[in-house]
Amino acid sequence: MICMNERTKSTLVELRSVAWFQNAGKHDVQQVAVLASWADAFESISSDQWRDFQHEATNSLTMQLFQTNKLRYNRWNDVLAEIRPVVIDLVREKIAAAGVMVYPKDFPISVEWDIMMLLMEAEYSDVCPPKCFAALGFYYVRGHFPCGWEGDYPQGRLIVF
């Protein structure tokens with residue numbers, strides 16, 4: 001078993017300490033587009049553009065890790081295997097606490113991906129500065145749901161609910 005580093009553990013503590021989605025739809029954030037409804041957010045996460053964004057950001061992280069520290073890169077799957085069950089439980093808990101009762105299967109999958117990659121960025125932050133998923137984490141902590149991207153990544157802007 002691989003133990004998570006302190007930054008990863010502290011990121012988890014912060015994620016557990018806040019109410020996710022409590023500010024969904026509120027226009028209390030800058031530099032992003034804010035959607036008006038869960039229906040719009042669910043439609044947005046189902047788009048190819050959002051999935052492409054998530055995959056491009058993940059690929060960027062893994063490529064940078066491969067280039068900077070091959071030994072740590074080779075342990076990626078082991079670290080992910082440790083983080084995944086923690087994330088799945090946390091996401092289920094936070095969705096239930098938010099009272100979101102009816103949602104498409106893409107919703108928890110998208111959130112799980114974001115949070116797993118946020119924690120992977122934290123885990124490797126000593127060799128790869130956190131970027132995209134740390135930015136998404138900011139909006140989860142602020143009570144929003146990052147759910148889309150306008151424009152061609154990395155140009156453009158994030159869409160949240």
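Just so it is clear, the structure is predicted and the values come from calculations on it, not from any experiment.
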Can you find a heavy atom in the side chain of [X] that is under 4.5 Å from one in the side chain of [Y]?
| X | Y | result |
| --- | --- | --- |
| M120 | T62 | no |
| C132 | E56 | no |
| V79 | R72 | no |
| V141 | L15 | yes |
| V111 | W20 | yes |
| Y139 | F145 | no |

Are the side chain of [X] and the backbone of [Y] linked by a donor-acceptor contact shorter than 3.5 Å?
| X | Y | result |
| --- | --- | --- |
| S17 | E14 | yes |
| S44 | A41 | no |
| N69 | L65 | no |

Calculate, to the nearest 0.5 Å, the distance between atoms [atom1] and [atom2] belonging to [X] and [Y] respectively.
| X | Y | atom1 | atom2 | answer |
| --- | --- | --- | --- | --- |
| R7 | L12 | CZ | CG | 12.5 Å |
| D48 | H55 | CG | NE2 | 11.0 Å |
| H144 | K26 | NE2 | NZ | 8.0 Å |
| E123 | M117 | CD | CE | 12.0 Å |
| I83 | L119 | CD1 | CG | 5.0 Å |
| E6 | S125 | CD | OG | 11.5 Å |

Q. With sequence neighbours excluded, what pairs up with W149 under the ring-ring contact (aromatic ring centres under 6.0 Å, His included) test?
A. F53, Y153
Measure across [X] and [Y] and return the closest heavy-atom pair with its distance rounded to 0.1 Å.
| X | Y | result |
| --- | --- | --- |
| M4 | K9 | O-CE, 3.0 Å |
| D40 | S37 | N-OG, 3.0 Å |
| D114 | P146 | OD2-O, 4.0 Å |
| Q49 | G151 | NE2-O, 2.8 Å |
| L35 | C147 | CD1-SG, 3.6 Å |
| N5 | T8 | OD1-N, 2.8 Å |

**Q.** S110 side chain to W50 side chain, donor-acceptor N/O pair below 3.5 angstrom
**A.**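 Their side chains do contain a donor-acceptor pair, which is all the 3.5 Å distance test asks for.
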Q) Is it true that the NZ or CZ of K131 lies under 6.0 Å from the centre of F133's six-membered ring and within 45 degrees of the ring axis? A) no
Taking only distance into account, with no hydrogens and no angle test, what donor-acceptor pairs under 3.5 Å do side-chain atoms of residues 86-109 form with protein atoms, sequence neighbours excluded?
{"residue": "K94", "atom": "NZ", "partner": "R16", "partner atom": "O", "Å": "3.0"}
{"residue": "K94", "atom": "NZ", "partner": "V18", "partner atom": "O", "Å": "2.5"}
{"residue": "D106", "atom": "OD2", "partner": "S46", "partner atom": "OG", "Å": "3.0"}

Q | Check against side-chain contact (heavy atoms from CB on, under 4.5 Å), W113 and T58 | A | CA-CA 9 Å; W113 188 272; T58 301; 3.1 Å; yes
**Q.** Pairing residues for R157 by the side chain to side chain contact (heavy atoms under 4.5 Å, CB included) criterion, not counting sequence neighbours
**A.**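 R157 satisfies side chain to side chain contact (heavy atoms under 4.5 Å, CB included) with A33, E150 once adjacent residues are dropped.
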Q: Consider only side-chain heavy atoms of I, L, V, M, F, W and Y, link residues closer than 4.5 Å, and tell whether L80 and V127 are in one cluster.
A: yes
Q: Might you confirm whether atom CD of E43 has over 12 heavy atoms from other residues, nucleotides or ligands at distances under 6.0 Å?
A: no
Q) Would F66 and W76 count as a close aromatic pair, with their ring centres under 6.0 Å? A)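 No, ring centres 6.0 Å or more apart.
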